[in-house]
Structures are given as C-alpha cells and as structure tokens.
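Side-chain atoms are counted along with the backbone in the values below, which use heavy atoms only and exclude waters and symmetry mates. Below, read A as the first sequence line, B as the second, and so on, with proteins coming before strands; counting in each chain starts at 1. This structure is a prediction, so every number in the text was calculated from the model and none was measured.
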Amino acid sequence: DSGVTQTPKHLITATGQRVTLRCSPRSGDLSVYWYQQSLDQGLQFLIQYYNGEERAKGNILERFSAQQFPDLHSELNLSSLELGDSALYFCASSVSLAGADEQYFGPGTRLTVT
Amino acid sequence: GNSVTQMEGPVTLSEEAFLTINCTYTATGYPSLFWYVQYPGEGLQLLLKATKADDKGSNKGFEATYRKETTSFHLEKGSVQVSDSAVYFCALTPVWEAGTALIFGKGTTLSVSS
C-alpha cells in the first residue's frame with residue numbers, strides 16, 4: 001500500500017460526458033502528479049501541483065483540468081469525453097520538488113468511455 | 001528534448017535465468033534515473049534509482065548503474081523468480097525543468113516461468 005488513494009476505482013461513462021477523478025496523497029506529501037496510461041501512448045504525464053499551485057503541465061488536453069485543494073487532495077476533471085480518453089489514470093505524490101524524490105503511485109482509476 | 005528508450009518486450013525467461021532490460025535516455029544535464037515496476041492490476045512501485053553518474057541503484061536483487069558516457073541505465077538481475085513477472089518502466093526526471101514529473105519509457109513486460 002503506497003498510501004496514495006484514488007477514487008473511483010472504475011468509471012464507465014458515455015462520450016460527451018464529464019467526470020471527476022479524486023486523489024489523496026500520502027500524508028505529508030506536498031506534490032501531486034497525474035499520469036495517463038494507455039496502450040498506444042504509454043505512460044504520459046498530465047499535470048503537477050505543489051502545495052496547491054500548478055507547477056508543470058505535460059500532455060494535458062484543454063478539455064482536462066485539475067486542482068489541488070488546501071487539504072492537498074487533488075481532482076482531475078475530464079470533460080467532453082471521447083472514446084480515446086479511455087485509459088488508466090494514475091495519481092502520484094512526492095514529499096517535495098526534488099527530482100530525486102520517489103513518487104508514490106495510487107492504484108489508478110480505470111476510465112472507460114463508451 | 002527529454003526521452004527514454006527501453007527494449008521492446010515481452011521478455012520470456014525461465015526461473016533462475018539472468019535478466020537484462022536495456023534502457024537509454026536523452027536529456028540535458030544530469031537527470032535522476034529510475035526503474036519502476038507494475039505488477040498486474042496494481043499501480044507503479046519504485047524498484048531502484050540513481051541520481052548521479054556511476055551511481056548504482058539496487059533493490060531485491062535488481063541492479064542498474066547510471067552510465068553518463070553511454071546515457072544508459074540497464075536493469076539486471078542474476079536469477080529471476082516467477083514473482084518477478086511484471087512490467088518494468090525506465091524513467092527520468094529532467095533537470096532545468098519547472099516541474100519534476102517522470103518521463104517514462106514504453107515499458108518492458110517480463111514473464112518468468114517455472
């Protein structure tokens with residue numbers, strides 16, 4: 001158990017809909033990352049927050065947004081969903097901004113868009 | 001830009017065989033290098049890391065050495081077990097970037113039979 005929790009575990013929704021994925025980092029970790037894992041794209045970084053502020057953006061679509069709340073949990077919002085958004089979405093956390101820090105991964109949310 | 005290339009899988013071995021999974025990277029400066037492992041149905045776990053040239057990371061019998069001259073971080077294990085069957089990801093965190101997100105290779109699936 002990494003200490004990172006993600007809900008829900010599975011999500012099935014239709015094209016055009018909007019969903020929210022939730023992540024609670026390990027106790028004491030200030031940095032939260034979102035990654036998308038799909039068969040064709042592999043593991044791709046979406047966005048990073050540190051202590052409530054956006055720190056870096058990766059290959060995140062404009063239809064996707066995220067935020068980190070004062071209690072440090074984070075939410076990833078996916079809107080106008082397309083079939084190609086079906087993937088496993090991982091949240092990870094680390095204690096600081098040091099590149100050498102271990103990132104602890106949650107179990108993931110599997111999103112299926114039909 | 002920053003990227004990671006690792007050998008295509010799947011890699012199929014018998015128990016007690018020697019394992020090598022090749023990983024090379026492209027990055028400016030001295031990135032931190034990681035190997036993460038993903039067991040079926042689970043999130044990623046850090047296997048080992050190295051943060052500077054000639055460092056050797058090791059854990060659970062796995063080893064990898066940070067080779068700056070060849071920009072490589074190959075994963076090795078002297079004697080694999082069935083329980084090592086998983087997907088292995090080589091990754092780096094780049095220097096001179098605003099964030100510290102992991103950049104992953106495409107992953108190598110290892111299957112060990114008894």
Heavy-atom distance under 4.5 Å to chain B: side chain of A/Y50, backbone, both or neither?
neither
When A/S31 is tested against each of A/Q48, A/R55, A/Q68 for side-chain hydrogen bond (donor to acceptor under 3.5 Å, both in side chains), which residue passes?
A/Q48
Heavy atoms under 4.5 Å from chain B: which residues of residues 106-114 of chain A carry them?
A/G106, A/P107
So, using salt bridge (charged side-chain N to carboxylate O under 4.0 Å, His left out) as the criterion, who are the partners of A/K9 when residues are at least two apart?
none
Side-chain heavy-atom pair B/L46, B/F34 within 4.5 angstrom cut-off:
yes
Spell out, as yes or no, whether a donor-acceptor pair under 3.5 Å connects the side chain of A/S2 to the backbone of A/V4.
yes
Side chain / backbone / both / neither for B/Q45 at chain A, heavy atoms under 4.5 Å:
neither
Residues B/K106, B/E8; criterion salt bridge (charged side-chain N to carboxylate O under 4.0 Å, His left out); working and verdict
CA-CA 8 Å; B/K106 290 193 178 298; B/E8 299 275 337; over 6 Å; no
Is it the side chain or the backbone of A/Q37 that comes within 4.5 Å of chain B heavy atoms, both, or neither?
side chain
B/V87 and B/V37: side chain to side chain contact (heavy atoms under 4.5 Å, CB included), yes or no, with the steps?
CA-CA 6 Å; B/V87 183; B/V37 59; over 6 Å; no
Classify the ring geometry of B/F62 against B/Y88: parallel below 30°, tilted from 30° to 60°, perpendicular beyond 60°.
tilted
